[in-house]
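Only heavy atoms go into these numbers, but all of them, side chains included; no hydrogens, no water, no symmetry mates. For ligands, and for the atoms within them, numbers begin at 1 and follow the listed sequence. Counting begins at 1 with the first residue of the sequence.
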Amino acid sequence: MIDQYIEHKQSELNNRMLVELKQLNIPSSFMEAILYSMEAGGKRLRPILMMATYEAFHHEPEKIVHPALALEMIHTYSLIHDDLPAMDDDDFRRGRETIHKKFDEATAILVGDGLLTYAFQVVSTSSFLEAEEKVYTLKQFSQASGFEGMIAGQHLDLKAENKHLNEHELNEIHQLKTGALIRAAIKIGAYLGGATPPQIESLDDFGKYLGLVFQIQDDILDVSGDMAVIGKPVGSDEAKNKSTYPQILGLNEAIRMKESYMNEARNKYEESKIEQPILLELLDIFGNRQS
Ligand code: GRG
């Protein structure tokens with residue numbers, strides 16, 4: 001059931017993404033690089049989360065499409081820039097060469113910048129959103145991805161290389177770096193669906209725990225990767241001397257903590273009084289995913 005839901009949403013998002021990108025009047029060589037970044041098979045978890053939250057309130061399906069596409073553009077930009085030599089310096093992403101390897105660094109920077117900017121264009125010009133819905137969506141996106149959100153998280157993350165962080169410091173980095181955008185996905189979905197302010201608050205807390213669960217599982221997957229090969233896998237955070245949850249807590253305690261955050265998220269879901277079990281299934285996927 002959830003697998004079908006995800007596959008259906010992925011294919012809808014991928015089709016709509018192509019429509020949106022192919023409208024751009026740009027040289028075909030540049031378009032090739034943009035499509036390379038977007039067609040690389042990301043899981044589309046964030047827009048799916050946004051759509052699932054929105055659907056809990058049963059509104060017309062079109063309204064959520066542009067915010068969902070914009071969210072995936074912002075997420076993809078962040079991965080492209082994160083992979084650059086000046087940042088994490090990764091050669092592979094989503095099972096293929098990173099865009100700066102396949103093309104060149106300048107192209108990767110420009111595709112990233114362009115996707116971020118286009119995300120704001122797609123929302124602000126959407127014919128399905130009212131003016132105040134656009135303002136809310138753009139505000140959430142800019143706060144979550146900007147200096148007080150993802151960029152702050154990335155800055156702290158880069159500064160923390162070769163340092164031993166405590167659990168509180170690690171939580172802070174991940175709440176900003178990956179959590180902020182996940183929370184924005186949920187808040188926008190809830191607001192556009194017509195949630196009440198207390199419901200938005202409970203769902204925002206659900207998103208806070210979901211973000212931590214996502215990151216702890218990411219770190220746990222790094223450990224499984226380490227066990228699968230001799231030496232550290234290229235690209236894992238531990239291999240780059242970054243603190244991870246299993247490293248500072250031990251693997252068993254990291255798993256226990258993930259489960260405790262999953263329980264907190266379930267409580268917040270109950271508190272919101274919405275009926276959308278797909279959100280709980282997505283929580284399980286975030287917490288138990290293997291890739
Ligand atoms: C460069 C401003 C700037 C920010 C980068 C999000 C981020 C900040 C960096 C990503 C680094 C990273 C690999 C973090 C681990 C968690 C994460 C975001 C994984 C990738 O998300 P998935 O698994 O990826 O949803 P797909 O490819 O499925 O979209």
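If you number the atoms of ligand 1 from 1 as listed, the ones under 4.0 Å from a heavy atom of G42 come out as 26 (P), 27 (O), 28 (O), 29 (O). Contact atoms of ligand 1 toward Q215: 15 (C), 16 (C) (distance under 4.0 Å to a heavy atom of the residue). Short contacts between ligand 1 and H81, defined as distances under 4.0 Å to a heavy atom of the residue, involve ligand atoms 1 (C). Close approach of ligand 1 to S78 (heavy-atom distance below 4.0 Å) involves ligand atoms 1 (C), 4 (C), 5 (C), 6 (C). Taking every non-hydrogen atom of Y77 and a distance limit under 4.0 Å, the qualifying atoms of ligand 1 come out as 2 (C).
Annotation: cation-pi geometry not satisfied between R266 and Y209 (NZ/CZ under 6.0 angstrom from ring centroid, within 45° of ring axis).
Ionic pairing of K242 and D88 is present here: one or more N-O contacts between side-chain nitrogen and carboxylate oxygen are shorter than 4.0 angstrom. No salt bridge links R16 with E72; every basic N to acidic carboxylate O contact stays at or beyond 4.0 Å.
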Let me check something: any side-chain donor-acceptor pairs from residues 193-202 under 3.5 Å, sequence neighbours excluded? List them with distances.
unit_1, atom_1, unit_2, atom_2, d
T196, OG1, Q199, N, 3.2
T196, OG1, Q199, OE1, 3.3
Q199, OE1, T196, N, 3.0
Q199, NE2, S272, O, 3.2
S202, OG, P198, O, 3.1
S202, OG, E271, OE2, 2.9

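Between F103 and Y36, the ring-plane angle classifies as perpendicular under the 30° and 60° cut-offs. Using bins of under 30°, 30° to 60° and over 60° for the plane-to-plane angle, the ring pair H174/Y245 lands in the tilted bin.
Every N/O-N/O distance between D218 and ligand 1 stays at or above 3.5 Å. Considering backbone and side-chain N/O atoms, R44 never comes within less than 3.5 Å of an N/O atom of ligand 1.
Both the backbone and the side chain of K177 come within 4.0 Å of ligand 1, counting heavy atoms alone. Residue contacts with ligand 1, taken as heavy atom pairs separated by less than 4.0 Å, involve K43 via backbone and side-chain atoms alike. Both the backbone and the side chain of D82 come within 4.0 Å of ligand 1, judged by heavy-atom distances. If you look at D88 next to ligand 1, there are no close heavy atoms at all, none under 4.0 Å.
In this structure, the protein non-hydrogen atom closest to atom 17 (C) of ligand 1 is F214 CE2, 3.7 Å. For atom 27 (O) of ligand 1, the nearest non-hydrogen atom of the protein is R94 NE, 2.7 Å. In terms of protein heavy-atom proximity, atom 3 (C) of ligand 1 is nearest to Q154 CG, 3.9 Å. Nearest protein neighbour of atom 18 (C) of ligand 1, counting heavy atoms only, is T178 CG2, 3.4 Å. Of all protein heavy atoms, the one closest to atom 25 (O) of ligand 1 is R46 NH1, 2.7 Å.
Between P67 and L129, the shortest heavy-atom distance links the atoms CG-CD1, 4.0 Å.
One finds the OG1 atom of T98 at 10.0 Å from the CD1 atom of I80 (value rounded to the nearest 0.5 Å). Rounded to the nearest 0.5 Å, atoms CD1 (I173) and CG (L165) are 5.0 Å apart.
Here K63 pairs with E133 under the side chain to side chain donor-acceptor pair (under 3.5 Å) rule; sequence neighbours left out.
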